[in-house]
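Right, one structure below, let's go through it.
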Protein chains: 2
Amino acid sequence: MSADLHRAAAGVLAAHDQQYTRNRRALVTALAGAGAPLTLPELLERDASLAQSSAYRNLAVLIDADVVRRLVHGGDHARYELAEGLTEHHHHLICETCGTVADVTLPARLESSLDRAFDDVARTSGFAPSHHAIDVYGTCADCLG
Amino acid sequence: MSADLHRAAAGVLAAHDQQYTRNRRALVTALAGAGAPLTLPELLERDASLAQSSAYRNLAVLIDADVVRRLVHGGDHARYELAEGLTEHHHHLICETCGTVADVTLPARLESSLDRAFDDVARTSGFAPSHHAIDVYGTCADCLG
DNA sequence: TTGCTTGCAAATGATTTGCACTGCT
DNA sequence: AGCAGTGCAAATCATTTGCAAGCAA
């Protein structure tokens with residue numbers, strides 16, 4: 001239910017001394033409805049009432065408060081999605097032909113193996129891991145046609 | 001030994017009807033010497049004889065020929081590294097404090113598990129994976145000080 | 001009122017491109 | 001001569017920012 005989502009988002013923002021305004025709510029709603037990371041133009045298409053500069057500014061606030069996460073994959077536009085506190089841990093399938101990005105979740109067992117491997121890295125090299133991202137590049141079903 | 005590296009790079013470029021010029025060789029040398037992905041300013045520092053626009057143009061050629069790979073991680077500058085044909089398969093440790101990127105290799109067993117998981121995804125969703133990238137975010141030893 | 005938010009228009013800055021020149025073949 | 005490669009300067013374009021007006025406490 002999206003009421004929970006908005007309550008959570010409002011709470012996180014409040015903890016950062018930020019308000020949950022109409023425009024910020026609109027961004028969160030659009031991102032939640034998409035189910036995949038969106039570019040800024042895509043976000044504006046889904047809520048034409050938003051000015052571009054305000055969208056960028058509000059995304060910056062949401063990112064700072066850990067409500068939204070920004071992804072960059074080489075295309076012209078960055079992509080935005082809800083942060084992990086508000087969604088499930090997942091990774092990305094990136095189509096090298098059309099540039100769209102889809103979410104995937106990996107088996108929990110595999111995620112544990114990865115985390116264990118990263119902890120080993122920490123012990124060996126002194127690098128302290130906080131989180132990870134896996135990008136799988138390839139061709140999506142639509143482009144395979 | 002770097003003679004092999006240059007021979008390989010020259011061969012790949014030739015296969016793409018491209019020459020292995022002095023500047024392209026300088027870029028490959030700089031990237032091989034770094035052992036970690038470099039930004040364009042970092043590349044120019046290492047070989048001041050290079051004009052910025054030429055560096056960008058040659059990197060584009062090298063990327064097109066699969067000699068170099070371009071990485072984007074949200075910082076101001078993209079980073080460049082030798083493509084996997086010329087180096088080992090590896091992943092990246094990204095310091096969220098200073099932005100530097102270091103290479104890591106994961107246990108072969110784990111890589112196999114990952115590939116198997118991605119093949120499952122292919123079977124399920126119709127997405128055909130070609131390769132993957134794992135980014136581990138955290139804090140590097142220097143910044144932990 | 002006081003301060004945050006908004007949207008327009010202008011600025012910024014990484015990357016790309018036009019063009020004239022140099023150098024290899 | 002002919003074509004690829006070079007570098008300067010100018011253009012491009014996603015993103016950021018200045019500023020004046022709107023809105024909520």
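A quick note: this is a predicted structure, and the numbers were derived from the prediction, not measured. So you know, we letter chains A, B, ... as the sequences are listed, proteins then strands, and number each from 1.
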Describe the nucleic acid contact of [X] in one word from base, sugar-phosphate, nothing, applying a heavy-atom distance below 4.0 Å.
{"X": "R70(A)", "value": "sugar-phosphate"}
{"X": "S49(A)", "value": "sugar-phosphate"}
{"X": "A60(A)", "value": "nothing"}

| Do L114(A) and I134(A) touch side chain to side chain, with heavy atoms closer than 4.5 Å? | yes

Do [X] and [Y] have side-chain atoms, one donor and one acceptor, less than 3.5 Å apart?
{"X": "T139(B)", "Y": "E96(B)", "answer": "no"}
{"X": "H91(B)", "Y": "E111(B)", "answer": "yes"}
{"X": "S49(A)", "Y": "D47(A)", "answer": "yes"}
{"X": "H131(A)", "Y": "E84(A)", "answer": "no"}

Any protein N or O atoms within reach of nucleotides 1-5 of chain C? Criterion: under 3.5 Å, listing atom names and distances.
{"residue": "dT5(C)", "atom": "OP1", "partner": "R24(A)", "partner atom": "NH1", "Å": "2.8"}
{"residue": "dT5(C)", "atom": "OP1", "partner": "R24(A)", "partner atom": "NH2", "Å": "3.0"}

| field | D64(A) side chain to A60(A) backbone, donor-acceptor under 3.5 Å | value |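 Absent.
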
| field | S125(B) (side chain) donor-acceptor with V121(B) (main chain) under 3.5 angstrom | value | yes

| message | Could you check whether Y137(A) and H132(B) have their ring centres less than 6.0 Å apart? | response |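 No, the ring of H132(B) stays outside the 6.0 Å limit from the ring of Y137(A), centre to centre.
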
| Are OP1 or OP2 of dT15(C) and a side-chain N or O of Y56(B) less than 4.0 angstrom apart? | yes

| message | Strictly below 4.0 Å: does H77(B) bring a side-chain N or O up to OP1 or OP2 of dG13(C)? | response | no

Pull out every protein N or O sitting under 3.5 Å from an N or O of nucleotides 18-23 of chain C, one pair per line with the distance.
{"residue": "dG18(C)", "atom": "O6", "partner": "R57(B)", "partner atom": "NH2", "Å": "3.0"}

| field | Shared hydrophobic cluster, Y20(A) / Y80(A) (ILVMFWY, side-chain heavy atoms < 4.5 Å) | value |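 Both belong to a single hydrophobic cluster.
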
| Quick one: on DNA chain C, does D76(B) or R22(B) contact a more 5' nucleotide (nearest heavy atom)? |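 That would be D76(B).
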
| request: Calculate the interatomic distance between I63(A) atom CD1 and dT16(D) atom C1'; express it in whole Å. | output: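 It is 13 Å, rounded to the nearest whole Å.
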
| field | Length of the CG-P vector between L44(B) and dT15(C), whole Å | value |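 Rounding to the nearest Å, CG of L44(B) and P of dT15(C) are 11 Å apart.
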
